[in-house]
Amino acid sequence: MYIGQIMHTKLITVSPETTLVEARELIAMHQIEHLLVVSNRGRLVGVVSDRDLKQNWASPATALSAHELHYLLEKVEVGMIMVRTVKIVTPETTNERAASIMQAEKIGSLPVMVGDTLVGIVTSTDVMAVLLQAIGMGEESMRLGVLVDDRIGRLAEVTAIFQQQGINIQSFFCWPVKDSPDIFHLVIRVAKAEGDRAIAALEAKGFRILTRYEPDLQPFLPRSTGR
């Protein structure tokens, strides 16, 4: 999936001259966590998050009165605290690439640009929702884990077992197994009602199935590798 399919296009933007008080009110009113900061020419110049506002809000331990605090905070502008070096994506950016950028940069949102034009914003919540949907978390299913050696035709061998049994695969993904070179962990989701039959079919072909957390994966490694 591409960011253009999930980005928010009804944008809440502020200018660098917006006060912290005004920014906080906007975030609360619209129930969002990020504000895009644009210049009077409509150019993106920064991002301010709810976390940024909280970090720059006066401490309740101060000796100033509430009235005095409010007065001072009305003098502090978003342009003074916003993040100026902004990571951006385009509508053509893939969901997984956006997730990778957010994880690497430890950020919770990405403005979406087409050239110099701001067209949207995508958040970590949006990206996570797509990833969870992709792995079938929204469906009634059973999760089956299979450890396989990395060789041509291995995936086809596994999926052929399901085809022969007439079992539909709801989702399928894999990742390398830590400390086990050339071994991959396949995670397959099937309808819960088909789970036992799927396990039996895989085991009949010599595969060892993971259906829960196992601290020791050695017994589940492919026979040619595990022994």
Side-chain angles (χ1 to χ4, degrees), residues 1-14 27 30-38 43-55 78 81-139 141 143-152 154-156 158-159 169-190 210 213-214 217 220:
M1 185 172 287
Y2 297 93
I3 291 303
Q5 296 172 275
I6 65 171
M7 67 183 184
H8 301 276
T9 56
K10 294 182 179 179
L11 302 176
I12 308 300
T13 64
V14 295
I27 281 181
H30 296 282
Q31 297 183 336
I32 55 179
E33 294 186 357
H34 303 86
L35 289 171
L36 300 173
V37 187
V38 298
R43 295 292 182 89
L44 178 69
V45 294
V47 174
V48 64
S49 68
D50 183 47
R51 183 175 61 180
D52 297 329
L53 293 175
K54 289 176 180 176
Q55 288 177 343
V78 163
I81 69 165
M82 68 184 183
V83 176
R84 298 175 181 273
T85 304
V86 182
K87 292 290 180 180
I88 64 170
V89 291
T90 69
E92 293 78 24
T93 302
T94 63
N95 189 76
E96 54 269 30
R97 174 60 61 187
S100 177
I101 293 171
M102 289 183 186
Q103 193 275 335
E105 299 294 331
K106 296 180 174 59
I107 53 179
S109 70
L110 290 166
V112 187
M113 306 283 290
V114 174
D116 292 331
T117 303
L118 177 64
V119 297
I121 185 172
V122 64
T123 70
S124 56
T125 300
D126 303 322
V127 170
M128 181 61 70
V130 172
L131 294 178
L132 289 175
Q133 184 180 23
I135 63 176
M137 288 300 293
E139 302 179 34
S141 61
R143 183 184 193 274
L144 310 178
V146 183
L147 303 184
V148 299
D149 50 322
D150 182 21
R151 63 178 174 82
I152 295 174
R154 201 57 159 157
L155 295 183
V158 173
T159 56
I169 297 174
Q170 294 181 347
S171 68
F172 192 116
F173 62 98
C174 65
W175 64 80
V177 176
K178 184 179 179 181
D179 300 325
S180 294
D182 302 320
I183 300 296
F184 279 79
H185 188 160
L186 309 184
V187 176
I188 307 161
R189 283 189 176 272
V190 299
L210 286 157
Y213 168 70
E214 296 287 349
L217 293 179
F220 297 90

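All heavy atoms count here, side chains included; hydrogens, waters and symmetry mates do not.
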Neighbour count above 12 (heavy atom, 6.0 Å) for Phe172 CZ: yes
Heavy atoms from other residues, nucleotides or ligands near CD of Glu214 exceed 12 (cutoff 6.0 Å): yes
Tell me, do [X] and [Y] make a side-chain contact under 4.5 Å, heavy atoms counted?
X: Thr123; Y: Glu33; answer: no
X: Ile6; Y: Val130; answer: yes
X: Val14; Y: Val37; answer: yes
X: Tyr2; Y: Thr94; answer: yes
X: Asp52; Y: Ser49; answer: yes

Steps toward side-chain contact (heavy atoms from CB on, under 4.5 Å) verdict (Val83, Val48): CA-CA 6 Å; Val83 176; Val48 64; over 6 Å; no
Ile121: which of Lys10, Met7, His34 passes side chain to side chain contact (heavy atoms under 4.5 Å, CB included): His34
Give, for atom [atom1] of [X] and atom [atom2] of [Y], the distance between the pair rounded to the nearest 0.5 Å.
X: Thr90; Y: Glu92; atom1: OG1; atom2: CD; result: 4.0 Å
X: Ser124; Y: Leu131; atom1: OG; atom2: CG; result: 11.0 Å
X: Arg189; Y: Ile169; atom1: CZ; atom2: CD1; result: 13.5 Å
X: Ile88; Y: Ile3; atom1: CD1; atom2: CD1; result: 13.0 Å
X: Leu110; Y: Thr93; atom1: CG; atom2: OG1; result: 8.5 Å
X: Leu217; Y: His185; atom1: CG; atom2: NE2; result: 7.5 Å

Closest heavy-atom contact between [X] and [Y]?
X: Val86; Y: Gly46; result: CG2-CA, 3.8 Å
X: Met82; Y: Val45; result: CE-O, 3.6 Å
X: Val127; Y: Val122; result: CG2-CG2, 3.9 Å
X: Val177; Y: Phe184; result: CG2-C, 3.9 Å
X: Ser109; Y: Val47; result: OG-CG1, 4.4 Å
X: Val38; Y: Leu44; result: CG1-CA, 4.2 Å

Steps toward side-chain contact (heavy atoms from CB on, under 4.5 Å) verdict (Leu53, Ile81): CA-CA 8 Å; Leu53 293 175; Ile81 69 165; 3.9 Å; yes
Steps toward side-chain contact (heavy atoms from CB on, under 4.5 Å) verdict (Arg97, Val89): CA-CA 9 Å; Arg97 174 60 61 187; Val89 291; 6.0 Å; no
Donor-acceptor under 3.5 Å (Arg143 side chain, Val187 main chain): no
